[in-house]
S.K.: 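Mind having a look at this structure? Questions to follow.
Residue numbers begin at 1 in each chain, while the letters A, B, ... track the order of the sequences.
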Amino acid sequence: MTTIRISSLHKKIRKKTLLHDINYEFNGGNIYGLYGRNGSGKTMLLRAMAGLLMPSSGEISIDGKVLHKDISFPANMSVIIENTSLLHQYNAHMNLKILAKIRNIATDEDIKANIKRVGLDPESNMKVGKFSLGMKQRLSVAQAIFEKPDILLLDEPTNAIDEEGVTLVYQILKEEKERGALILLTSHHKQDLEALADIYIKMENGGIVLDSK
Amino acid sequence: MTKRIFLTMLIVILLQILLFDHFDGSIADLTGYMIVSGVPISNKFVLLGTWYMFFAGLSFLSLGYMRKYISGYGVYLMIREKSRVKLGFRRIGNLLILISGLSIIQFFVSIIFAYITNEDQAFFYDDVHSFFWIAGLYMMSNFVLIFIQMALELHATEEVALLLVNVYVLFSVTLGGVLLSTQKLTWILYFLVPNFGMYVRSDVLETGGISPVQAYIVLTLMTIILTVLTYGRLKKIDLI
């Protein structure tokens, strides 16, 4: 199973400390719930682990391979990141098809099954630009899971999704965990994570201040 | 590029040729070098505006092409490609093809226009060699300018990048006209890329001040420098 090890991670942008002395080890087959106030560093930590942010010092290794030295991005990882949208001019199926062409591991059936899994219609020709926020977020979840990734980094994955949809997403994430995936998700409130997380991590001022089971 | 943007560019190309014809027959009668003739040294601002239409179109259609890649949908592509630079350069390559394609359409439209309006006159293909020199410079200088815009998008917002490049273009063409009319400090022209792609400002036929060979060398060097800088920036940029 996948292991992510973070050692003495610091990140500063324009003299502002965003991440401060983070040391932690994440293991596959678990759901980690990252919570804390706005600006506490949750999203930044997620982005750093995804390889999107360059550490000012310290390192992140995935199964022994150091990010930005041995690899540019973790192998077989998927993300949901704030402000990252899908292509508005295409329908849901086409959006995932374009992404699927890169790794070439998901079949057309996988694409359709996962669109259906998040409660959307895989045969619909409706363009993503016409989707509601909740539908877009559901499609983002489908984008994250359809290639059966080993690592899932999800920044507030249930944002804008209705109650029924939230239950569905939680069920999907439990299934992904059973498959052995390492899942890390963020929320402002610990209560949001209670139905799902195995380990809670509290962040404050760019550092991890508490972790509990 | 969406169909709508493509159609808009076609309208820009048609409008540009009609305006050239209306404002300056000596360029738009197209017995010379058509659109690539550029802006006369005498700084006719109405022609500067007409010439600028096509570049403005290119610049606006490229708006955010790199920025969206590093902060939007591109993130999903990048993590699957497992490379920070591969897709970035693919996007630059796509722009090169797009600029070449639109420029060829622009040449083609102006050739047809010239043929219709000037049947009995000598035509540009009387000197194909010179035509290829200047057409190549025109396309390459447009490409380098858009490449600068894309490189700037890695350091600033897309709006700032667009503004800086367009101000540089208009400033360069205006200053280029002044330098050529006074025949002073003409070496500065080599820092004013937009003049490179203008037949009337080059010495393809010994009419202007920029040597085409040196212009090609400058543009090639700029492309290499931009490639190295873009590579370095893509490797280290925080994708926030």
S.K.: Can you tell me how the ring of F55(B) sits relative to the ring of Y52(B), calling it parallel under 30°, perpendicular over 60° and tilted otherwise?
M.R.: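 The rings of F55(B) and Y52(B) sit tilted, inter-plane angle from 30° to 60°.
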
S.K.: Counting heavy-atom pairs under 4.5 Å to chain B, which of V79(A), I98(A), T43(A) comes out on top?
M.R.: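 Looking at each of V79(A), I98(A), T43(A) in turn, V79(A) comes out on top.
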
S.K.: Is A48(A) close to chain B through its backbone or its side chain, or both, or neither, when contacts mean heavy atoms under 4.5 Å?
M.R.: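 When you check distances to chain B, no heavy atom of A48(A) falls under 4.5 Å.
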
S.K.: Are any side-chain N or O atoms of Y170(A) and backbone N or O atoms of G165(A), one a donor and one an acceptor, separated by less than 3.5 Å?
M.R.: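 Judged by distance alone, no pair lies under 3.5 Å.
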
S.K.: In plain terms, say whether K148(A) and E176(A) are close enough for a salt bridge, that is, a side-chain N and a carboxylate O under 4.0 Å apart.
M.R.: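 E176(A) and K148(A): not salt-bridged.
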
S.K.: Between I237(B) and chain A, with a heavy-atom cut-off of 4.5 Å, which part of the residue counts as in contact: side chain, backbone, both or neither?
M.R.: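 Contact with chain A: backbone only.
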
S.K.: Tell me, side chain or backbone of E147(A) under 4.5 Å from chain B's heavy atoms, or both, or neither?
M.R.: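 The side chain, not the backbone.
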
S.K.: Decide whether a cation-pi geometry holds between R91(B) and Y65(B); the criteria are a distance under 6.0 Å from NZ or CZ to the six-membered ring centre and an angle within 45° of the ring axis.
M.R.: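 Because its charged atom sits under 6.0 Å from the ring centre and within 45° of the axis, R91(B) does stack over Y65(B).
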
S.K.: Is it the side chain or the backbone of N76(A) that comes within 4.5 Å of chain B heavy atoms, both, or neither?
M.R.: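 The backbone, not the side chain.
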
S.K.: Is it the backbone or the side chain of L87(A) that comes under 4.5 Å from a heavy atom of chain B, or both, or neither?
M.R.: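 Both parts, backbone and side chain.
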
S.K.: Under the criterion side-chain hydrogen bond (donor to acceptor under 3.5 Å, both in side chains), I'd like the reasoning laid out for E156(A) against Q137(A): C-alpha separation, chi angles, the key distance, then a yes or no.
M.R.: CA-CA 10 Å; E156(A) 302 186 38; Q137(A) 190 70 354; over 6 Å; no

S.K.: Quick check against the 3.5 Å criterion: does S110(B) have a side-chain atom that pairs as donor or acceptor with the backbone of F107(B)?
M.R.: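 Yes, the answer is positive, given that a donor and an acceptor are paired below the 3.5 Å cut-off.
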
S.K.: Please flag which part of I71(A) lies under 4.5 Å from any non-hydrogen atom of chain B: side chain, backbone, both or neither.
M.R.: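 Contact with chain B is absent: no heavy atom of I71(A) under 4.5 Å.
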
